[in-house]
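Naming convention: chains lettered A, B, ... in sequence-line order (proteins, then strands); numbering from 1 in each chain.
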Amino acid sequence: MEYNFREIEAKWQHYWREHKSYKTVLDTSLPKFYVLDMFPYPSGSGLHVGHPLGYIGSDIFSRYKRLKGFNVLHPMGYDAFGLPAEQYAIQTGQHPAITTEQNINRYREQLDKIGFSFDWDREVRTSDPQYYKWTQWIFIQLFNSWYNKKTNKAENISTLINCFEINGFKGTSDDILTGDLEIYHDGFTAQEWKDFSSSTKENVLQQFRLAYMGDTMVNWCPQLGTVLANEEVKDGVSERGGYPVERKRMSQWCLRITAFADRLLNDLEGIEWSESIKEAQRNWIGRSEGSSLKFKVQGSNAEIEVFTTRPDTIFGVTFLTLAPEHELVNELTTDEYRNAVNEYVTYARNRSERERMSEVKRITGQFTGAYAINPLNGEKIPVWVGDYVLAGYGTGAVMAVPAGDQRDWDFAKHFNLPIIPINKDVDISEAADATKDALMINSGFLNGITGREAIKAAIKEIEKLGVGKGKTNYRLRDAIFGRQRYWGEPIPVYYNDGVPCVMKEEALPLVLPEVDKFLPTETGEPPLARAKDWNYETTTMPGWAGSSWYYLRYMDANNKSAFVGKEAADYWQDVDLYLGGAEHATGHLLYVRFWTKFLFDLGYIPKQEPAKKLINQGMIQGVSAFAYRLLPLKVVITSARPVFISKEIVADYVSQKITTQQLLEKVNSKIPGYCNLEDILKDNAIAISQIHVDVNLVDNNILDIKGFQKWREEFVDAVIITEDDGKYICGSEVEKMSKSKHNVVSPDKIVEDYGADCLRLYEMFLGPLEQSKPWNTNGISGVSNFIRKLWRLYHNKQNEFEVSGEVATAAELKTLHKTIKKVEEDIERFSFNTSVSTFMICVNELTDLKCNKRAILEPLAVILSPYAPHVAEELWNLLGNKESVTKTQFPKWNQQYLVEDSFEYPVSFNGKVRFKLTMPLQLNKEEIEKQVISSPEMSKFLNGDQIKKIIIVPGRIVNIVI
RNA sequence: GCGGAUGUGUCGUAAUUGGUAGCCGAGCCAGACUUAGGAUCUGGUGCCGCGAGGCGUGGGGGUUCGAGUCCCUUCAUCCGCACCA
């Protein structure tokens, strides 16, 4: 045996744990560096090889920064509340806390085997009452705060109450307003405020609080029995479980994230996050600027308010469309159209969200009989109802400009409504044209200017007439914060005569109560309603609550008196490097920014962005393996045994290179009399189904037949039809790694077979960190060889450590310093895959030089230690160092060893390399030119042409332009 | 439809500011040592061509002495948002 990774890795993992090598303490004498991984949800299936990818990257960077003299905070914890544990609890009755605990222990065991440098003394678990105590505390702060538009920050609600007591409230025009005040539309005086009952006061304040009870349309999932956030719904079904989701109006706890929309959008500028994440967030916030506009309704007091981004097109309006759910639909509809409208509204409501999405192109609508008046030209225009207008965006009503908007155009064509051209020389006979650059026509005072200019002019006029005003609209909705679930943080609220009150901070945590079952009650109330003497809110917080501030807790994880102490917050500030998957773009990564801004506004933390730099590691996909099962249909089966056919044979069959008869003959030769050949041929009734095979039973697409037969009881005596050489070839496909697809590769197995260092190096070697790629173990031998080669360099045949004290030669030093330089540059730009190659080149060169010198090995062990800490630590130790390699400094590379004395210049003519010339590197441009021109090859390739120009890049290239 | 990203050998990939395309690894081929190991070592391996040479970074065009890299255009794949007014 040579390099024994099992022994070495166990030894050093034990050492690090015993010596708390990675414990971090606040030390103001050192510069800080905070490296954070998105903490995992501890699922029942354990880690797969995809999970550690980001952790390895962040670990390399953390270890590197430590060697560079930084005080590095590199913590880990668990996002422990979540649906799967609860679903499991519902099925088995097992308390989710127990399942979660077990899963966490398994995760920890797996993580420990990979040799991460986490400071486990700072571990957090969101489901721990000592943690969620502070999540609840933050909720209370949100409840006790409002957003002051004047100061543009969150403030304690008392400043608002003060304001009411002194000035009263002027209603919607008051610029301290951020909530949508429908109830207190006309405002109130200071005296009226004082006279309000406490419940009326609270009703008013609810319109301002950052945590409030809102009556909103929610995504209701009947199967899961809970509401879901927008990002938990994909294509009309729940992200988890894939159950249908419907829209439902419910009273819910909400967080007023919309108050922060502008800052969430603008502050994206200042952070180093990938463009795709930023863009996803911009998209999600969906800021659009335009104007509100009120249309009077003929013969009614009602006004229809619309939002438009194109007020310039106001003269092209030929009808209004209301969403079917719009509150004025009923009031406006004339008796003549009442039945038709009711019918249409019912139809639209019953169309599920899913249908509505999949039938986007289907145009439906109904005239209400009502007419509105265009406030700018007094034209009478019909009011329609149509489900292409969404109730949830803007005002739920649009002014339809068929000339400029395709949806309006389609609607107008379908119902034969008029289309007024508003742009000069623009053809709208086949489609609408939304250009802003054409000159306006048929547009009153806007005629003759471009749409771009007209937008400003129109808003000015609209505001002058008092029929609307310039307005910014957001797609972003307030975040629904209540979940009808058990396994989440209880919301620290109780009710006094139906008026919500938050608990006193001293009374926290409000601990999750025991319940007899984890299901909703018979009356449809959330599981918490089952708890005895539970006088609190029965919904719990959503999964993202605990993860919206965990990075702050790590700074001061054991603080009993604050969510984070001032000293710790001031020192650690924010995350310098955040690593995690891109799938949280519009969920976690938006909420964590929201909470950070809020806590910043209240003065608890010094930064208003959580993370300076974000790297999204790519997803590692699984390579699924398939076996092909022969399914005889409508056929007399004489054998009930399952039959599997090797892929190549199937492929032949499918591509009809062999006939059904040949296939069956093949089957029959293996199991005579398997089925009635004639009947099969008569009906041509044969089908092949694909089944996922556990990838651990497959090597290079070749199936372990015995293992496969043992895998499932029903396969024990399955008939396997192989290729002629007796091999069964599986099919393969790249899919998401998941238990149900049996394509999960566990890091444990890799560690077991090759060692943790090898796993770390290989995961990095696989390609750029940010790129998604399928897992493929085939190439791992190269990395494994590298470690063994390094080991062998410093061990003799008897596996005894043998190192020479001789002075290193120039060539050896060159190799070393080249490597240090490259590795340092690679780490700084997160190009970990290229440094693995660099190490390989280094060891190859040292092997060629037969170099086993201490002077080379010592620094090499240090620069290798972020990547392969165990083997580096062992070598470092063998060299006689008492302290751990992690306590040392990253070596400095020295230019002097890298200087070449000569360089082989490629000499090219018009960019085509014709010959090469070796010259001293120290030559300046003139000298190089002289040498090139006087070289014997020159005339041969110049071929009588005139030299126009010579371009020389010293140390690079010589190009002659002819 | 809008937005983001990616296209390089058989495969994973590499290539400072535009400067010898294909580093490193896998696979494959040949050889050595050995005799059957999933070991180690050496050499070869983009395509066409006997060769000189030519062609090559998804396709087409452009800028340049010179383009994987910059610009325009187009195609393909992946991801996000989507009847957002």
Quiz prompt | Atom of Met919(A), atom of Tyr905(A) and distance for their closest heavy-atom approach | solution = CE-CD1, 3.4 Å
Practice problem: Compare the minimum distances between each of A15(B), C24(B), C83(B) and the side chain of Arg829(A), then state the nucleotide with the smallest one. | Solution: A15(B)
Quiz item: So with a 6.0 Å cut-off around CD of Gln895(A), is the heavy-atom count from everything else above 12?
Solution: yes
Exercise. Would you please confirm or rule out a distance under 4.0 Å between OP1 or OP2 of U20(B) and any side-chain N or O of Arg914(A)?
Key: no
Quiz item: So, is Arg282(A) near the phosphate of C81(B), with a side-chain N or O under 4.0 Å from OP1 or OP2?
Solution: no
Exercise. Both distances under 3.5 Å, Watson-Crick or G-U wobble: report the partner of C81(B), or none.
Key: G1(B)
Exercise. Give the rounded distance in Å between these two atoms: CZ of Phe295(A) and P of A85(B).
Key: 16 Å
Quiz item: If you measure from the P atom in C11(B) to the same atom in U20(B), how many Å do you get, rounded?
Solution: 24 Å
Quiz item: Which base sits across from U57(B) as a Watson-Crick or G-U pair, both distances under 3.5 Å?
Solution: none
Quiz item: Without hydrogens or angle criteria, can the side chains of Thr258(A) and Tyr474(A) be said to hold a donor-acceptor pair below 3.5 Å?
Solution: no
Practice problem: When you get a sec, tell me which of G80(B), C81(B), G19(B) is the closest nucleotide to the side chain of Ala280(A)? | Solution: G80(B)
Quiz item: Which comes earlier along RNA chain B counting from the 5' end, the contact point of Glu904(A) or that of Lys773(A), where each point is its nearest nucleotide?
Solution: Lys773(A)
Quiz item: How far does the P atom of A67(B) sit from the matching atom of U57(B), given to the nearest Å?
Solution: 11 Å
Exercise. Measure from the side chain of Arg792(A), starting at C-beta and using heavy atoms only, and say which of C24(B), C41(B), G19(B) lies closest.
Key: C41(B)
Self-check item: Closest to side chain of Arg475(A), choosing from C81(B), C55(B), C24(B)
Solution: C81(B)
Quiz prompt | Closest to side chain of Arg956(A), choosing from A5(B), G12(B), U17(B) | solution = U17(B)
Practice problem: Check every strand shown and say whether Glu825(A) touches a base, only sugar-phosphate, or nothing at a heavy-atom separation below 4.0 Å. | Solution: nothing
Quiz item: Using atom C1' of each nucleotide, how far apart are G4(B) and U17(B) to the nearest Å?
Solution: 27 Å
Exercise. For A85(B), take OP1 and OP2 only and decide whether either is under 4.0 Å from a side-chain N or O of Thr321(A).
Key: no
Quiz prompt | U40(B) - base-pair partner by Watson-Crick or wobble geometry, distances under 3.5 Å | solution = A32(B)
Quiz item: Think Asn778(A) has a side-chain N or O under 4.0 angstrom from the OP1 or OP2 of G27(B)?
Solution: no
Exercise. Looking only at non-hydrogen atoms, find the nearest pair between Ile780(A) and Cys758(A) and report the distance.
Key: CG1-SG, 3.9 Å
Self-check item: Pair assignment for U8(B), Watson-Crick or G-U wobble, requiring both distances under 3.5 Å
Solution: none
Exercise. Could you check which of A85(B), A14(B), G12(B) has an atom nearest any side-chain atom of Phe765(A)?
Key: G12(B)
Quiz item: Mind checking who G66(B) pairs with, Watson-Crick or G-U wobble, both distances under 3.5 Å?
Solution: none
Quiz prompt | Syn-anti status, with the boundary at 90° from 0, for the nucleotide G37(B) | solution = syn
Quiz item: What integer distance in Å separates Glu275(A):CD from C81(B):C1'?
Solution: 15 Å
Quiz item: Under 6.0 Å between the ring centres of Trp791(A) and Phe786(A)?
Solution: no
Quiz prompt | Integer angstrom distance from the C1' of U77(B) to that of C55(B) | solution = 27 Å
Quiz prompt | Euclidean distance for C1', G80(B) against C72(B) (whole angstrom) | solution = 27 Å
Quiz item: Base, sugar-phosphate, or nothing: which does Asn844(A) touch, judged by heavy atoms less than 4.0 Å apart?
Solution: sugar-phosphate
Practice problem: Quick one: label Asn283(A) by what it contacts on the DNA or RNA (base, sugar-phosphate, nothing), any heavy atom closer than 4.0 Å. | Solution: base
Exercise. Just call it for Ile951(A): base, sugar-phosphate, or nothing, with non-hydrogen atoms closer than 4.0 Å on any strand.
Key: base
Quiz item: Separation of Lys278(A) atom NZ from G3(B) atom C1', in whole Å?
Solution: 15 Å
Practice problem: Nearest-nucleotide wise, let me know which of Val958(A) and Asn833(A) is further upstream toward the 5' end of RNA chain B. | Solution: Asn833(A)
Quiz item: Syn versus anti for G9(B), judged by chi lying within 90° of 0?
Solution: syn
Quiz item: Hey, does Lys916(A) reach any base, or is it just sugar-phosphate, or nothing, if we go heavy atoms under 4.0 Å?
Solution: base
Practice problem: Counting heavy atoms from C-beta on, name the nucleotide in A85(B), C83(B), U42(B) closest to the side chain of Asp848(A). | Solution: U42(B)
Practice problem: Using atom CD1 of Ile314(A) as one end and atom C1' of A85(B) as the other, report the distance to the nearest whole Å. | Solution: 13 Å
Quiz item: Between A14(B), A85(B), G4(B), which nucleotide has the shortest distance from any of its atoms to the side chain of Glu279(A)?
Solution: G4(B)
Quiz item: Do the side-chain N or O atoms of Asn785(A) get closer than 4.0 angstrom to the phosphate oxygens (OP1, OP2) of U40(B)?
Solution: yes
Quiz prompt | Residues Glu289(A) and Thr472(A): side-chain donor-acceptor under 3.5 angstrom | solution = no
Quiz item: If you check every side-chain atom of Tyr388(A), which of C83(B), A85(B), A5(B) has the closest atom?
Solution: C83(B)
Self-check item: C1' atoms of G12(B) and G22(B), separation to the nearest Å
Solution: 13 Å
Self-check item: Selection from C81(B), C55(B), C24(B) that lies nearest to any side-chain heavy atom of Trp284(A)
Solution: C81(B)
Quiz item: Whole Å only: how far is the NE2 atom of His414(A) from the C1' atom of C83(B)?
Solution: 15 Å
Self-check item: Base paired to U45(B) (Watson-Crick or G-U; both N/O distances under 3.5 angstrom)
Solution: G27(B)
Quiz item: Which whole number of Å gives the distance between the C1' atom of G7(B) and that of A14(B)?
Solution: 16 Å
Exercise. Would you check if there is a donor-acceptor pair between the side chains of Ser288(A) and Asn473(A) at a distance under 3.5 Å?
Key: no
Exercise. Compute whether any side-chain donor of one residue and acceptor of the other, for Asn696(A) and Lys749(A), lie under 3.5 angstrom apart.
Key: no
Practice problem: Mind checking Arg788(A) for me? I need base, sugar-phosphate or nothing, with any heavy atom below 4.0 Å counting as a touch. | Solution: sugar-phosphate
Quiz item: Can you check the Arg287(A) CZ to A85(B) P distance for me, whole Å?
Solution: 13 Å
Self-check item: Distance-only polar pair, side chains of Thr395(A) and Glu305(A), donor-acceptor under 3.5 Å
Solution: no
Practice problem: Taking atom C1' in both G9(B) and A15(B), compute the distance separating them and give it to the nearest angstrom. | Solution: 15 Å
Quiz item: So what does Pro774(A) hit on the nucleic acid, given a heavy-atom distance under 4.0 Å: a base, only sugar-phosphate, or nothing?
Solution: nothing
Quiz item: In whole angstrom, what separates Met840(A)'s CE from A26(B)'s C1'?
Solution: 10 Å
Practice problem: Take atom CH2 of Trp775(A) and atom C1' of A26(B), then tell me their distance rounded to the nearest Å. | Solution: 14 Å
Quiz item: NA contact type, Ser274(A), heavy-atom cut-off 4.0 Å: base, sugar-phosphate, or nothing?
Solution: nothing
Quiz item: Does the side chain of Asp410(A) come under 3.5 Å of the side chain of Gln406(A) through a donor N or O and an acceptor N or O?
Solution: yes
